[in-house]
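Worksheet for the structure shown next.
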Amino acid sequence: MRLEEELHELLRVRREKLEELKAKGVEPYGGRYPRTHLAAEIKENYAALEGAEVKVAGRLMARRAHGKASFGNVMDGSGQIQIYLRLGDVDPATYSLFLEDLDLGDIIGVGGTVFKTRTGEITVAVRELRLLAKCLRPLPEKWHGLKDVDLRYRQRYLDLIVNPAVRETFITRSRIIRAIREFLEERGFLEVETPMMQAVPGGAAARPFITHHNALDMDLYLRIAPELYLKRLLVGGFEKVFEINRNFRNEGISTKHNPEFTMLELYQAYADYRDMMDLTEELISTVAGRVLGTTTVTYQGVTLELSPPWRRQTMLEAVREHTGLDFNAFRGDDALARRAAREVGVEVEEGDTWGAVLNKVFEEKVEEKLIQPVFILDYPVEVSPLAKRKKDDPALTYRFELFICAREIANAFSELNDPIDQRNRFLAQQKRRQAGDEEAHMMDEDFLIALEYGMPPAGGLGIGIDRLVMLLTDAPSIRDVILFPLMRPRELA
RNA sequence: GAGCCGUUAGCUCAGCAGGUAGAGCACCUGACUUUUAAUCAGGGGGCCGCAGGUUCGAUUCCUGCACGGCUCACCA
């Protein structure tokens with residue numbers, strides 16, 4: 001810390017007050033304060049509490065001095081309440097503590113009686129005042145709040161102090177996650193935790209972060225998905241498992257991507273992807289109902305109806321509906337499929353097979369049009385290395401993704417439990433890795449051994465929690481639903 | 001990774017066809033015993049993101065860099 005003389009005036013003044021307080025024998029960083037009520041409780045129960053003695057604690061957010069009587073606002077976890085000090089009701093030392101020594105932002109405890117001012121504001125008439133924590137830096141502006149998004153993310157605590165809507169968003173996030181846990185536990189799912197550090201990062205197509213274990217002298221990867229471990233648990237006999245935890249992907253940052261993000265994955269033995277569709281509909285609509293009180297939500301001005309059932313459409317149908325291209329007609333002819341894609345303006349590479357082309361056309365031409373909830377079924381096998389092939393159509397898989405507001409919200413499939421087929425899929429992925437595709441799956445021999453012991457047929461589902469929270473809180477950026485999104489470090493003031 | 005835009009007081013923002021900067025809130029001093037964006041009077045506070053260049057002179061024009069935002073690419 002710089003020398004006191006060099007401190008900014010605003011910081012210097014507060015530090016001087018701190019020293020004065022100490023000189024007066026006031027402890028500026030107090031301990032336990034036995035508060036009796038939250039601000040909101042007093043306001044909600046005024047009829048019962050009028051004239052009652054209460055103690056509240058919180059941050060001093062405003063002060064309006066009128067000579068020998070003064071008002072202030074104290075904010076606690078429930079909201080703000082007005083406090084009133086009058087010389088005579090409190091001794092001169094207490095009054096001057098409030099008026100001279102306290103600053104906006106200080107955390108205080110006050111005791112007094114509840115009353116209503118003549119303008120009708122429910123207020124605590126203070127008898128006792130205690131400083132619990134001195135605030136040495138000025139808070140952001142009281143009216144406009146903190147707008148600079150850089151500062152809001154870097155100093156999220158300030159954002160939370162001065163922007164109540166931000167606070168609400170994160171409370172809603174917590175409620176959503178709790179509702180998901182309740183929903184799954186009610187249905188017999190067991191919550192588990194699987195490794196975040198993995199020797200072979202699998203379960204998704206993504207570039208991993210690399211870290212190093214010193215004692216074992218080995219590189220490890222931060223997981224890109226828990227999938228392959230959760231499936232090992234199916235092998236082990238857990239029949240309904242879920243995990244809500246972080247995934248890490250070493251990719252770009254955008255309004256829809258943070259390098260670490262929260263994912264729900266669940267697996268249900270003896271089920272398939274149709275069961276997963278039913279479960280997904282029920283889960284999201286139930287969570288919306290429990291948390292928001294409605295299944296009709298507005299996202300960025302668009303009204304979405306989340307009550308089931310949701311539309312179900314195969315990828316082939318969706319592509320035909322939105323582009324006029326019937327990929328069934330190009331079956332077995334990769335070149336024809338590529339030509340058709342180029343005709344509608346989709347860039348494809350020479351090596352792209354029928355299924356890869358179909359997927360690209362879908363992503364570029366169809367996804368953006370999927371506003372109301374829709375399950376897109378039957379993904380090509382090339383882009384679904386962990387999903388079971390369709391019995392009657394082995395070029396496709398029993399896989400769906402859920403789209404809402406043009407965003408992929410969920411991804412699910414009937415899990416591939418044939419170890420021979422799984423090995424071949426890994427080998428195909430390996431070829432793509434060798435061809436330079438850094439996101440192709442790595443071979444996971446350990447996982448294959450597990451499959452060889454027999455994994456029950458199962459449905460698996462993944463839901464991006466951050467994106468679901470964005471949808472349900474009307475947040476335009478993923479950074480609005482992650483408390484501390486990744487930022488480049490910056491020199492501190 | 002690319003393109004566009006931004007960075008001025010603690011915060012929210014003006015401003016500058018190039019002549020060494022303003023407002024509101026916050027802060028300091030004074031007045032005020034039911035105010036609430038309290039009010040009134042006075043005052044202090046700025047490497048105008050950083051580094052170069054052009055110029056008699058740059059916060060302003062040019063270049064580079066840093067950080068951020070948006071769009072695109074990659075993805076969930």
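Order of the sequence lines sets the chain letters (A, B, ...), proteins ahead of strands, with each chain counted from 1. Values below: every heavy atom of this structure, side chains too, minus hydrogens, waters and symmetry copies.
In terms of the side chain to side chain contact (heavy atoms under 4.5 Å, CB included) criterion, residue partners of Thr113(A) (sequence neighbours excluded) are, by chain and number, Glu53(A), Ala125(A). Considering only residues two or more places apart in sequence or on other chains, Thr194(A) meets the side chain to side chain contact (heavy atoms under 4.5 Å, CB included) condition with Val192(A), Arg223(A), Pro226(A), Tyr229(A), Leu230(A), Leu233(A), Glu243(A).
Residue contacts shown for Ala225(A) are absent, as no nucleic acid heavy atom lies under 4.0 Å away. Among the heavy atoms of the strands lying under 4.0 Å from Asp148(A) are primed sugar atoms or P, OP1, OP2 only; no base atom is included. The residue Thr255(A) sits close only to the backbone: its heavy atoms come under 4.0 Å of sugar-phosphate atoms, none of a base. Counting any heavy atom pair closer than 4.0 Å across all strands shown, Arg154(A) reaches sugar-phosphate atoms only and no base atom. Among the heavy atoms of the strands, none lies under 4.0 Å from Asp437(A).
Not a single donor-acceptor pair, N or O on each side, falls under 3.5 Å between the base of U34(B) and the side chain of Arg118(A). Side chain Glu121(A) to base U35(B): no donor-acceptor pair is found below 3.5 Å.
When Watson-Crick and G-U wobble pairs are counted only if both distances are under 3.5 Å, A37(B) pairs with no nucleotide at all.
A gap of 28 Å separates the P atoms of G46(B) and A31(B), to the nearest Å.
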So which protein nitrogen or oxygen atoms get under 3.5 Å of nucleotides 45-51 of chain B's nitrogens or oxygens?
none

